[in-house]
Amino acid sequence: MVHFLHPLLWPRALVLPDAQQDAQGHSLVQEEASPYSLVNICLDVLIAELDKWCSKRPDGTLCLPEHWYFPREIADKFLERMAWQGKLTDRTASIFQGKQMRLKLINIPRVKLSAAAFTKAFCHHKLIEVNATSVDSELLAPDIIHALQSSAWIQKNLQCLVLDSVSIPPNSGVVALSHFTGLHTLSVANVSFCNEDLVSVSQLPNLGSLDISNTLVTNISALLSCKNRLRSLTMHYLKCLAMNSPQVLAVIRQLKCLLHLDISDHQQLRSDLAFYLLQQKDILPNLISLDISGGTDITDQAVESFLQHRPAMRFVGLLYTDAGYSDFFTAKQGLKVAGGANMSQISEALSRYRNRSCFVKEALFRLFTETLSLRAVLPVMLKLVAIGMRNHPLDLPVQFTASACALNLTRQELARGMPVRLLAEITNLLFKATKNFPYYQQLQKNCLLSLTSSRILMDVPFDRFDAAKLALRWVCRRESPKLRTMAVSITSILALKLSPEEMEQLQEELIMAIKELLTIIRQKLAENLDDVTFLFTLKALWNLTDECPLACKYFLENEGLATVIRVLETFSLSVIQSKVLGLLNNVAEVRELSPKLVTGDVIERIICLLHSSNLEVSFLAAGVLAHMTCDRQHWLSRDLQRTDLLRYLHLTVQNWPSSRCDMSVLVTYRSFKAFSPLLVNFSQPEVQLWALWAIHHVCSKNPRPKDV
């Protein structure tokens, strides 16, 4: 039996009860910590391979096989996931034209569709809910309304319509909304919705919930037409309202059925409406939810008095006010507060105001200060931060503050307690922010700092190509030595996570980074300092050149060989010798570059290290020799010397202990490609012996190499 997820939940307070809001936050995190559902996995595969399964119409749009059939819940989820993944276009939306799908809910925020595609794909379905929040300006609000109006069934049965932030052309309106007689919930926030439109929708016989936030409404008197049925009214930031506070309250007073009222203000336009409302003793006695965030002259005493006269109150919004700090708000059972006084209020604010950037910014700032010395794992808060980032991708204050909060919430040990999927989501959002704001350095720094978490860097799936590009660029920045050291360390790890093809695409960054890494090594040589930065830098060079001929070429072109020979001459620590020899192994593996190593200085150092008592050092030195001597053409003038080197190699390998010994370096081999040319060289058994010993060791210590 397949369990279908609950249908669309609109992320707005006016249609999401308090208990459901709280449960949703925890269920979101539970979902992040659970395996992907089989339904979602199957839908994602289908979405990724639509062209494979579909036929094409003459106009190039896609069509599902005629014999396919999707149950209603699956069809709704399929459409939602296509929109979420950015795969819903005029070409792909056409799969909803046929009879294979039976849609009931349309949840397509931020998609780009034409009016014609919207009409053909959706308006023959029996729709009861439509969410077209922030669709591209190509699809206008009048077009959506006209398309839905073309269906007599939808006119009578559509219950919920969300047109937030949808474009309306000049001298146009949405008066036609009055034809949707079954409409119960309507949201037109952030659109050019005028008094005439309000008069029209107020006549709807079943209207119970209305959101006219940030519209062009100047007079709300038309609401009196639905005073006996309106249960939820949201009018946040009515910037054009021409009525004074007593006049507005005179209208609100007559809305006898009202249970939820939102008169919150934007930070840029704060009115005294909430102040006057709190003075009223007999207004809205049945109210259970009041949002006055952003209001002026709001005090704890005034709010307490108002709530005490309305014992059924379950929610109050107090963010960006001076209220919410008394013990009353924590002591009153069943009351939820969206504010900034404590973590509970901040969590509620981020949940309630996820679509209002002005309040998201304020809540995130409060969260940042609250989590500076955090010791508890808070996945719910991290999920809310992720939602804020996703909903406001082009708002720099939101992205920057959210990135700082993410750092506080995912510090080393805290990250270990977070679900991997949640960490993946927040990490990918951070990289998206760096792309949207490439010149904002502090945001770039925060993203880089997030990668210092070993949990994120090693266990979490994210775009490591973008991460490597960011880290390589910071390697080349010199204004912060500490951050540069972090970038070097991150680079050393990410380099092994990228394919050779991806490394080739980083050509510009590689050139600059290798040059800078060698500069760091030369500085440390001058200081005779083998600190952590020095070790990270050697490791980064080793890993960047792994199976990357381009990086090896840049290394040699920037006098890297002479530099690392000086390192071997200066430092005798085996950990340093291993890293240098690993780097030289990578260069020696590149056939056209291997002859560059056939110099007196290199050979002298390699022979010396071949006899090291440290097995790891000896093994790596032997590897350099094996690759250097593999091609006889490079030694035409030094054949006797090559024969001696092969003899040294053979004796050394024979003297090594059992291949069951511990040698951590071999786990860094990502494939057997380095050994293949040596194994087929039957004229040089000494070289084959080293390769076979290495492969046997890899298989016994790491039996599942990435690429055999």
Side-chain angles (χ1 to χ4, degrees), residues 542 545-547 552 564-565 568 572-591 593-635 638-703 705 707-708:
W542 181 5
T545 53
D546 184 42
E547 294 190 11
C552 294
V564 297
I565 292 299
L568 293 177
S572 59
L573 290 175
S574 59
V575 65
I576 294 176
Q577 293 171 340
S578 294
K579 289 174 171 55
V580 172
L581 289 170
L583 168 59
L584 293 178
N585 263 272
N586 292 337
V587 177
E589 290 168 14
V590 183
R591 185 169 182 176
L593 299 181
S594 183
K596 304 283 187 182
L597 302 182
V598 183
T599 68
D601 288 342
V602 173
I603 293 173
E604 180 183 349
R605 282 291 152 192
I606 297 302
I607 293 175
C608 178
L609 296 173
L610 184 66
H611 302 296
S612 171
S613 59
N614 183 289
L615 179 58
E616 188 166 295
V617 172
S618 179
F619 168 81
L620 288 168
V624 177
L625 277 185
H627 288 287
M628 286 172 60
T629 56
C630 182
D631 191 344
R632 192 168 189 169
Q633 294 298 316
H634 302 157
W635 298 80
R638 301 185 179 204
D639 197 47
L640 289 177
Q641 186 179 23
R642 177 175 173 274
T643 301
D644 289 340
L645 292 176
L646 288 172
R647 181 166 52 84
Y648 295 152
L649 177 62
H650 181 260
L651 291 173
T652 299
V653 176
Q654 282 192 319
N655 288 332
W656 284 341
S658 166
S659 60
R660 294 182 181 180
C661 62
D662 184 34
M663 189 165 59
S664 61
V665 66
L666 284 175
V667 300
T668 63
Y669 276 96
R670 63 169 109 191
S671 75
F672 287 158
K673 290 178 182 177
F675 306 128
S676 300
L678 309 182
L679 291 173
V680 297
N681 194 340
F682 291 96
S683 64
Q684 282 147 203
E686 303 88 350
V687 170
Q688 288 180 312
L689 179 62
W690 177 83
L692 285 170
W693 194 96
I695 290 173
H696 185 269
H697 188 93
V698 170
C699 291
S700 63
K701 293 296 182 181
N702 187 21
D707 181 16
V708 178

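We number each residue from 1, following the sequence as shown.
- Checking side-chain atoms of Ser618 against main-chain N and O of His611 turns up no donor-acceptor pair under 3.5 Å.
- The CG atom of Leu649 lies 12.5 Å from the CG atom of Asp644; values are rounded to the nearest 0.5 Å.
- Summarising the geometry, atom NE2 belonging to His650 is positioned 14.0 Å from atom CG belonging to Leu625; distances are rounded to the nearest 0.5 Å.
- Val590 approaches Asn586 most closely through the heavy-atom pair CG2-O, 3.6 Å.
- From Ile606, atom CD1 reaches atom OH of Tyr648 across 14.5 Å, with rounding to the nearest 0.5 Å.
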Query raised in the report: So Leu689 and Glu686, side chain to side chain contact (heavy atoms under 4.5 Å, CB included) or not? Walk me through it.
Result: CA-CA 5 Å; Leu689 179 62; Glu686 303 88 350; 5.6 Å; no
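- The two atoms that bring Leu678 and Ala691 nearest to each other are CB-CB, 3.9 Å, heavy atoms only.
- Smallest separation of non-hydrogen atoms from Gln577 and Ser572: NE2-O, 3.4 Å.
- Here CD of Glu604 is found 10.5 Å from CG of Leu609. Values are rounded to the nearest 0.5 Å.
- With rounding to the nearest 0.5 Å, the separation of SG in Cys552 from CG in Leu584 is 10.0 Å.
- One N or O on the side chain of Trp690 and one on the backbone of Phe619 form a donor-acceptor pair closer than 3.5 Å.
- Atom CG in Leu581 sits 10.5 Å away from atom OG in Ser574 (nearest 0.5 Å).
- Within the 4.5 Å cutoff, no side-chain heavy atoms of Leu620 are placed close to those of Val624.
- Among all heavy-atom pairs drawn from Met628 and Leu597, the shortest one is CE-O, 3.6 Å.
- Judged purely by atom type and a 3.5 angstrom limit, Ser612 has no side-chain atom pairing as donor or acceptor with the backbone of Cys608.
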